[in-house]
Amino acid sequence: MKFLGKPRSQRADFLPLCLLFLKLLHPGHSHLYSSRYAGDKVIRLIPNTEEEACALKKIYQQLKVDLWQPSSISQVSEGTVTDVHIPHNGSRALLAFLQETNIHYKILMEDLQKVLEKGSSLPTQRSRRSVSGYNYEVYHSLEEIQNWMHHLNKTHSGLIHMFSIGKSYEGRSLFVLKLGRRSRAYQRAVWIDCGIHAREWIGPAFCQWFVKEALLTYRSDPTMRKMLNHLYFYIMPVFNVDGYHFSWTNDRFWRKTRSRSSRFRCRGVDANRNWRVKWCDEGASMHPCDDTYCGPFPESEPEVKAVANFLRKHKKHIRAYLSFHAYAQMLLYPYSYKYATIPNFSCVESAAYKAVNALQSVYGIQYRYGPASSTLYVSSGSSMDWAYKNGIPYTFAFELRDTGHFGFLLPEMLIKPTCTETMLAVKNIAMHLLKKCP
Ligand SMILES: *[C@@H]1O[C@H](CO)[C@@H](O)[C@H](O)[C@H]1NC(C)=O
Ligand SMILES: *[C@@H]1O[C@H](CO)[C@@H](O)[C@H](O)[C@H]1NC(C)=O
Ligand SMILES: *[C@@H]1O[C@H](CO)[C@@H](O)[C@H](O)[C@H]1NC(C)=O
Ligand SMILES: [Zn+2]
């Protein structure tokens, strides 16, 4: 049980010592990512008219902003909240433009580098493990997550089986954990993936948290026991392994995969626009330099192809597909690519409604829920729509905390509350599967 930690009371005793230790090691002048975000700002804008939206799109394009919300410039329209990360050398131009046009804005982050350094302990200078075991309240690098998986595979062979479903573009293994008791040959299953988008670090942290909770509470919690006795969980903690690694080593705000194209200098494809479902239509881009680039053809990305192959092969058993993203605080279901209601809408809707209520009951955090197209925005070629179209009846995408205060830089301090409340939502959905839909 080394990696699972000890009960809170025992851990708390070590805390003051731990903090002291970290303070001593922490020089206070870190240079994460070689300070490349120093002076960058994150600004929230809500265009009030179509003219303002048009003007914003133009300047975003000119200044090559990193759009945090929505994910592509084409989705900027009247009334949409847009959060932009503007590099330091472009912020003066953007602010001047905003003052000139009278578009309302709010600066969410004055200096992105400072926010980044405040929210995380230093990878090299903090204790990667809490005193009593594995630390689930920090973000872990890909290597750490894979070591953790290997370890669990060895120490919990009765409940966990780790396997690879293929290789990434850069040759990394695509590992999945199968969680559950091997009691029956045929059993229904739930697929969970995290980290399709590299910079959404809370996703992989949640996948790890889910596994930890399952192993820790399996004996004591009747709901968890029921879940694991009746369902298999396939958990892929890091879907986009290359991108995730890159977001640790080079660019904290990298979103896509890392594949190269022969004709363009820009790298990477949006792994959530690369699926064969209304591929490369609305809400996806054909341009390799865009963050929502759909790729040269569907399933061009080896990571997407590997997961699609796995889901195709096991679709008879898989009853639910859950994908974890950030940020927006939403629980989304199909369709993403069109405004239309799915058949058997009421079952999915009631599952979402109950999940969101359960989540809110913990810390009062409110989630919106509904079809992705009308709740978030229209996007084609997404994994959720693809899973749904391929016969998995319950497919959801979570957009975890927050709503923009920290955005992708959700501080490590918030991993625990975020994962705790999300656990409840996921358990609710799982239990919904085990009941007959009313
Ligand atoms: C800001 O700097 C980057 C790299 O140094 C450069 O590519 C870009 O064109 C600059 N942008 C502006 C608006 O000057
Ligand atoms: C997980 O453990 C099993 C043995 O229990 C082993 O056969 C398998 O290769 C391990 N998985 C990985 C990815 O190492
Ligand atoms: C809708 O529900 C019915 C009854 O539960 C089921 O037979 C049918 O396959 C479902 N359709 C879809 C598209 O999930
Ligand atoms: Zn995402």
Side-chain angles (χ1 to χ4, degrees), residues 25-27 29-40 42 64 66 68 85 87-88 109 111-129 134-150 164 166-175 193-208 236-261 264-272 288-289 291 293 301-303 324-327 406-412 415:
L25 288 173
H26 204 302
H29 307 284
S30 43
H31 297 290
L32 293 174
Y33 301 93
S34 317
S35 296
R36 66 181 285 183
Y37 307 110
D40 290 15
V42 178
K64 293 191 168 52
D66 163 27
W68 282 19
H85 160 205
H88 58 96
M109 299 181 202
D111 187 334
L112 192 53
Q113 184 74 25
K114 288 200 179 120
V115 178
L116 192 149
E117 283 167 10
K118 224 167 140 189
S120 63
S121 10
L122 276 176
T124 50
Q125 290 169 326
R126 62 187 172 156
S127 81
R128 304 296 309 166
R129 288 188 187 180
Y134 196 78
N135 189 352
Y136 290 91
E137 298 181 35
V138 296
Y139 296 116
H140 287 282
S141 68
L142 181 67
E143 193 191 357
E144 287 169 345
I145 294 174
Q146 291 185 341
N147 288 341
W148 167 83
M149 292 170 87
H150 280 295
S164 167
K167 291 256 195 277
S168 72
Y169 181 81
E170 292 180 331
R172 296 184 174 87
S173 291
L174 301 169
F175 288 122
D193 61 51
C194 296
I196 284 189
H197 292 138
R199 61 191 178 180
E200 300 162 10
W201 284 11
I202 187 62
F206 174 73
C207 264
Q208 292 194 284
M236 188 176 193
V238 188
F239 182 116
N240 176 6
V241 284
D242 297 346
Y244 187 72
H245 179 73
F246 192 71
S247 76
W248 273 74
T249 54
N250 288 69
D251 181 356
R252 175 64 185 83
F253 304 104
W254 189 256
R255 167 182 166 96
K256 300 188 283 182
T257 62
R258 292 293 298 157
S259 58
R260 284 174 195 277
S261 91
F264 298 91
R265 123 198 100 73
C266 292
R267 290 180 71 161
V269 165
D270 186 339
N272 206 27
C289 293
D291 253 355
Y293 176 44
E301 301 312 282
E303 302 82 3
F324 286 85
H325 292 259
Y327 57 95
F406 294 110
F408 300 120
L409 296 180
L410 193 73
E412 293 182 324
I415 292 176

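These numbers come from the heavy atoms of this one structure, side chains and all, not from hydrogens, waters or symmetry mates.
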Residue pair [X] / [Y]: nearest heavy atoms and the distance that separates them:
X    : Y    : answer
F264 : P288 : CD1-CG, 3.4 Å
E303 : Y169 : OE2-N, 3.1 Å
K167 : S173 : NZ-OG, 3.3 Å
I415 : A205 : CG2-CB, 4.2 Å
H245 : L142 : CB-CD2, 4.3 Å
W248 : Y139 : CH2-O, 3.3 Å

Under 3.5 Å donor-acceptor, S247 side chain and D251 backbone: no

Side-chain (H85) to main-chain (L112) donor-acceptor, under 3.5 angstrom: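 Not confirmed, H85 side chain does not pair with L112 backbone.
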
Going by atom types only, do [X] and [Y] share a side-chain donor-acceptor pair under 3.5 Å?
X    : Y    : value
D242 : S168 : yes
Y33  : Q113 : no
N272 : H197 : no
S259 : E301 : yes

Side chain proximity check, [X] to [Y], heavy atoms < 4.5 angstrom:
X    : Y    : answer
V138 : H140 : yes
F406 : P411 : yes
I196 : F324 : no
D291 : F253 : no
P204 : C194 : yes

Parallel, tilted or perpendicular: rings of Y327 and F408 (30°, 60°): perpendicular

Partner residues of R199 under the side chain to side chain donor-acceptor pair (under 3.5 Å) criterion, sequence neighbours left out: D66

Any residue meeting side chain to side chain donor-acceptor pair (under 3.5 Å) with T249, in chain and number order, not counting sequence neighbours: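 Expected list: none.
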
Just verifying a value: how many Å separate [X] [atom1] and [Y] [atom2], rounded to the nearest 0.5 Å?
X    : Y    : atom1 : atom2 : value
L409 : K114 : CG    : NZ    : 14.5 Å
D111 : E117 : CG    : CD    : 8.5 Å
R172 : E143 : CZ    : CD    : 10.5 Å
Y293 : K256 : OH    : NZ    : 8.5 Å
L116 : S35  : CG    : OG    : 9.5 Å

Ring-face cation contact, W68 with R255, 6.0 Å cut, 45° max: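 Here R255 fails the 6.0 Å and 45° test against W68.
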
Centroid separation F246 to Y244 less than 6.0 Å: no

Ring center gap for H88 and Y37 short of 6.0 angstrom: no

Salt bridge flag under 4.0 Å for residues R267 and E170: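 A salt bridge is present here (some side-chain N lies under 4.0 Å from a carboxylate O).
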
Counterpart residues, side-chain contact (heavy atoms from CB on, under 4.5 Å), relative to H150 (two or more places apart):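 Checked H150 against side-chain contact (heavy atoms from CB on, under 4.5 Å); matches are M162, F175.
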
Audit row: Y136, F206, side chain to side chain contact (heavy atoms under 4.5 Å, CB included) steps and yes/no: CA-CA 9 Å; Y136 290 91; F206 174 73; over 6 Å; no

